[in-house]
Amino acid sequence: MTTSSSAGQSRRDFLFVATGAVAAVGAAAAAWPLVAQLNPDASTVAAGAPIEVDLAPIADGQDIKVFWRGKPIYIMHRTKKQIEEARDVNVASLPDPQPDSARVKEGHDQWLVVIGICTHLGCIPIAHEGNYDGFFCPCHGSQYDSSGRIRQGPAPLNLAIPPYAFVSDSKIRIG
Amino acid sequence: MSGPSSFQPQNSVLKWIERRLPIFGLVHSSFVAYPTPRNLNYWWTFGGILSFMLGVQIITGVILAMHYTPHADLAFNSVEAIVRDVDYGWLLRYLHSNGASMFFIAVYIHMLRGLYYGSYKEPREILWILGVIIYLLMMATGFMGYVLPWGQMSFWGATVITNLFSAIPYFGESIVTLLWGGYSVGNPTLNRFFSLHYLLPFVIAGVVVLHVWALHVAGQNNPAGVEPKTAKDTVPFTPYATIKDAFGLSCFILFYCWFIFYIPNYLGDPDNYIPANPGVTPAHIVPEWYYLPFYAILRSIPNKLAGVAAMFSAILILAFLPWLDSAKTRSMRYRPLAKQCFWIFVGVCLGLGYLGAKPPEGVYVVAGRILTACYFAYFLIVLPILSRIEKPRTVPNSIADDVLGKKKSVVASALAVIGAVGLLALDGGSTARAAEHGPTPPSVNWSFAGPFGKFDQGQLQRGYKIYKEVCSACHSMNLVHYRNLTDPGGPGFSIAQAEALAAEIQVKDGPNDAGEMFERPGRVADKFPAPFPNENAARAANGGAAPPDLSLMAKARGYERGFPQFIFDAFTQFQEKGPNYIHAILTGFEETPPEGFELPDGSTYNKYFPGHAMKMPSVLADDQVTYDDGTPQKVDQYAKDVAAFLMWTAEPKLEERKRLGFQVMIFMIILTGLLYFTKRAVWADAH
């Protein structure tokens with residue numbers, strides 16, 4: 001009698017645990033769509049397709065701002081002086097060490113293409129301001145040089161480089 | 001919620017909290033130790049089911065509001081964007097739209113249970129009245145929610161319902177203006193309805209708390225209708241009621257999933273897939289099925305004010321029920337006459353629901369008046385008189401006695417189930433049209449029909465070709481983009497093919513740096529091009545009738561299948577009225593109208609078109625479009641292919657829906673089975 005009731009007991013326990021486990025799996029699965037819907041929707045993804053930018057109208061020493069995936073992209077036509085300043089830095093002394101050659105495309109040294117979002121807290125730095133002939137962020141005083149590298153202030157990283165390629169000498173495709 | 005709790009936490013942190021906020025004690029005394037009558041049947045699980053449905057509606061509603069745009073110009077397309085572009089958006093929308101129907105099915109069962117077992121009688125009057133208030137709030141919320149997609153039924157439903165208030169003497173017109181925020185139903189109306197639709201569920205939740213509070217003070221009624229006297233009459237809420245409610249809920253979710261995954265548009269009206277048009281009223285306006293009985297009462301009274309008054313009285317009379325029925329015996333189980341009258345009353349409600357979906361003509365009007373009289377007579381004559389003259393049968397001494405001597409009233413339960421099925425199936429009648437119809441379109445054998453239906457990729461590609469070469473000369477397709485051609489569950493074009501197709505069109509873009517608009521080749525993110533720049537141009541070029549947008553055509557057209565076919569359709573998952581209709585129209589042109597038919601100038605005779613005079617000419621001819629895959633180039637084949645393509649454009653997630661539905665169904669059947677055995681194991685101790 002005792003043995004059979006304890007066997008019945010463990011069968012019941014198994015049933016309770018199994019039911020609880022299946023219900024818990026169901027609840028977790030039901031939560032999935034509620035979170036997944038927060039992803040960018042298909043039209044947003046489709047609108048984030050690559051864009052082409054014509055560089056011909058940008059004169060020496062000028063820059064333009066274009067938008068790709070809702071982000072401002074700075075395209076800066078650097079002067080000889082700016083290129084030299086960017087190269088003459090002791091890379092090892094930088095907060096986020098990166099040579100200028102890693103930040104531009106080979107053979108297109110005059111073109112700096114960076115995402116214009118401060119790596120500190122996301123404000124938009126102003127071009128051609130600050131002490132390094134590059135960018136100055138008005139929010140918390142971060143300063144970037146003519147290669148978009150962080151030189152001074154609270155930002156931890158260099159300005160990010162978007163994926164892009166030269167389609168021709170005067171045209172790039174971002175994305 | 002039933003006095004100070006004896007609950008004593010052991011854990012020191014819990015003790016610390018409990019001394020300052022006795023929340024664990026509250027939960028323990030309300031939902032764990034709370035004594036619940038041991039003879040409750042499954043009709044008592046609907047309270048828990050309703051709480052669950054309120055939660056589902058609030059959660060899915062809050063999420064839908066993240067993607068929805070409450071603007072008259074954008075609302076319709078934003079709802080379609082949810083279904084087409086948002087991850088699982090189709091699921092969330094169908095959960096919410098069918099959730100409203102499930103909510104009402106559950107509330108009607110809950111109310112009828114209260115009516116049958118006398119749950120409104122002393123000392124539960126306030127509990128009952130709070131329930132009536134919740135029901136009224138639900139009706140307001142459901143109505144305003146139905147307006148939000150801004151389809152034809154949304155718009156005209158809003159117009160008709162707000163105009164009800166114009167019947168009020170002296171203030172009527174001013175009240176209607178306040179509701180509209182304009183000279184007619186328009187953008188301000190949509191905005192305020194959205195705001196209130198978001199607010200009211202939380203008000204409902206607040207009243208539900210009062211409802212549960214009142215319930216826990218008075219205690220639950222039970223099928224015997226006698227109060228618990230000793231500890232033998234009750235069992236603790238947890239685990240007994242909890243597991244029983246969980247099993248009942250699981251069965252209900254299974255039923256709910258059938259609608260979401262297999263017949264998501266069964267309870268809706270095809271007209272609501274047509275964007276709101278303030279210039280054209282649909283041929284036959286019907287509210288959502290859950291308002292139909294009251295709509296029938298409204299229409300059966302020929303005076304405007306009296307009709308509106310009767311409709312509201314039909315709901316408000318419920319609040320007076322505790323005093324209209326003064327019989328001492330609660331449960332109708334022991335009131336043989338009242339029991340018969342109750343089932344007649346259920347029949348009257350179903351009958352009114354059926355009539356509410358019918359055009360207000362001829363015999364329907366007479367029947368509506370008779371049933372309206374019966375409805376009020378039940379409350380004002382039958383119950384007051386019966387409570388005085390009826391001799392009830394002997395009520396058991398205690399709940400324990402009731403459990404021991406239990407006989408199942410199988411017949412009553414079965415009747416109620418049939419009633420519930422009938423109620424939800426009423427919608428089929430709602431597709432009735434006042435205008436005369438041609439013959440019923442023949443049913444075509446579609447590859448996408450049934451629980452495992454899939455689109456035939458080759459057919460969709462052929463259908464796209466016909467749309468592109470023939471239909472697109474006059475019809476736009478604003479909701480479909482070239483990128484959709486590559487989506488899984490679609491025609492299965494490669495990305496390169498879709499890019500090439502998109503590049504064939506020129507799209508106006510800009511302004512450029514010089515401030516000028518320019519043309520560029522299309523990209524996959526672009527929608528299909530519209531043949532006319534605006535609706536007026538479309539109308540002018542087509543003899544006064546603008547060719548409708550085809551994106552949703554396969555869900556925006558329907559026809560009556562008649563009783564009882566529409567009930568079977570819920571079980572066989574028949575959802576192919578739209579493609580059947582499109583196929584029928586495209587093959588239904590006749591060169592010479594039948595004898596005696598006066599065909600207006602500029603029209604073509606079509607067997608299946610309502611009214612038969614169609615502005616669209618017969619555009620398809622054999623061998624008109626070249627098929628590369630050897631499919632016969634016949635009009636009938638063309639019509640089938642383009643109808644299938646239009647079904648895909650209307651319901652692009654059909655395959656994903658059916659696939660996920662199968663997985664969910666299997667899971668829910670396993671869970672329901674496990675819950676059933678767990679419930680039996682738990683209750684084995686109690687018997």
Side-chain angles (χ1 to χ4, degrees), chain A residues 4-59 62-70 75 171 173-175, chain B residues 56 59-60 62-64 66-67 77-78 81-93 95 239 243 246-247 249-250 253 479 481-484 486-487 498-499 512-514 520 523-527 652 660 663-664 667-668 670-682 684-685:
Chain A
S4 75
S5 87
S6 85
Q9 192 62 38
S10 73
R11 228 182 7 248
R12 278 177 43 149
D13 285 348
F14 174 75
L15 178 64
F16 294 168
V17 170
T19 309
V22 171
V25 167
W32 178 252
L34 306 183
V35 177
Q37 54 85 21
L38 293 166
N39 277 314
D41 68 24
S43 69
T44 307
V45 172
I51 55 166
E52 288 192 355
V53 182
D54 184 14
L55 304 180
I58 311 169
Q62 280 193 333
D63 62 277
I64 63 161
K65 191 158 52 173
V66 296
F67 277 85
W68 175 68
R69 293 189 171 174
I75 301 172
K171 200 172 233 184
R173 174 201 278 265
I174 302 174
Chain B
V56 167
I59 291 170
T60 54
V62 166
I63 288 175
L64 290 172
M66 294 178 190
H67 303 280
N77 283 357
S78 80
I82 291 172
V83 172
R84 287 155 193 271
D85 289 342
V86 174
D87 282 3
Y88 293 102
W90 61 270
L91 175 61
L92 292 160
R93 198 226 166 173
L95 271 165
I243 190 67
F247 172 62
L249 175 63
S250 193
I253 294 176
L479 297 172
H481 303 76
Y482 284 98
R483 63 183 159 86
N484 296 127
T486 66
D487 287 347
E499 276 171 350
N512 61 14
D513 292 344
R520 60 161 174 81
R523 306 181 187 128
V524 287
D526 290 318
K527 62 183 188 182
L660 184 64
Q663 293 163 355
V664 171
F667 177 85
M668 283 310 301
I670 292 171
L671 178 62
T672 308
L674 280 170
L675 281 168
Y676 174 73
F677 289 112
T678 307
K679 184 250 150 194
R680 280 202 4 177
V682 167
D685 308 343

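By convention in this document, chain letters (A, B, ...) are assigned in the order of the sequence lines, proteins followed by strands, and residues within each chain are numbered from 1. All values reported here derive from a predicted model rather than from experimental measurement.
- Between chain A and the options B/Ile63, B/Asn484, B/Asp85, B/Asp87, the largest number of non-hydrogen pairs under 4.5 Å is found for B/Asp85.
- Listed for the B/Thr672 side chain is a donor-acceptor partner under 3.5 Å among the backbone atoms of B/Met668.
- The greatest number of non-hydrogen atom pairs below 4.5 Å with chain B, out of A/Pro57, A/Ala36, A/Ser43, is found for A/Ser43.
- Counting only distance, with no hydrogens or angles, the side chain of A/Arg69 and the backbone of A/Gly48 share a donor-acceptor pair below 3.5 Å.
- Residue A/Leu38 touches chain B through its side chain alone, counting heavy-atom pairs closer than 4.5 Å.
- For the set B/Val682, B/Leu671, B/Leu675, the count of heavy-atom pairs under 4.5 angstrom toward chain A peaks at B/Leu671.
- Using a 4.5 Å cut-off between heavy atoms, B/Leu92 contacts chain A through its side chain alone, with no backbone atom that close.
- Contact of B/Ile243 with chain A is not made at all, since no heavy-atom distance falls under 4.5 Å.
- Taking 4.5 Å as the limit, every side-chain heavy atom of B/Phe677 sits out of range of all side-chain heavy atoms of A/Thr19.
- Looking at B/Val524, neither its backbone nor its side chain comes within 4.5 Å of chain A, counting heavy atoms on both sides.
- No more than 12 heavy atoms of other residues, nucleotides or ligands lie within 6.0 Å of CZ in A/Arg173, so this atom counts as exposed by the packing criterion.
- Counting heavy atoms of neighbouring residues, nucleotides and ligands inside a 6.0 Å radius, atom OH of B/Tyr676 does not exceed 12 of them.
- For the pair B/Arg93 (side chain) and B/Ile82 (backbone), a donor-acceptor distance under 3.5 Å is absent.
- Contact of B/Leu91 with chain A is made through the side chain alone, with heavy-atom distances under 4.5 Å.
- With a 4.5 angstrom heavy-atom cutoff, A/Ala49 does not touch chain B via any of its atoms.
- Side-chain contact, A/Asp41 with A/Thr44: a donor N or O sits under 3.5 Å from an acceptor N or O.
- Contacts of B/His481 with chain A are absent, with no heavy-atom separation under 4.5 Å from either backbone or side chain.
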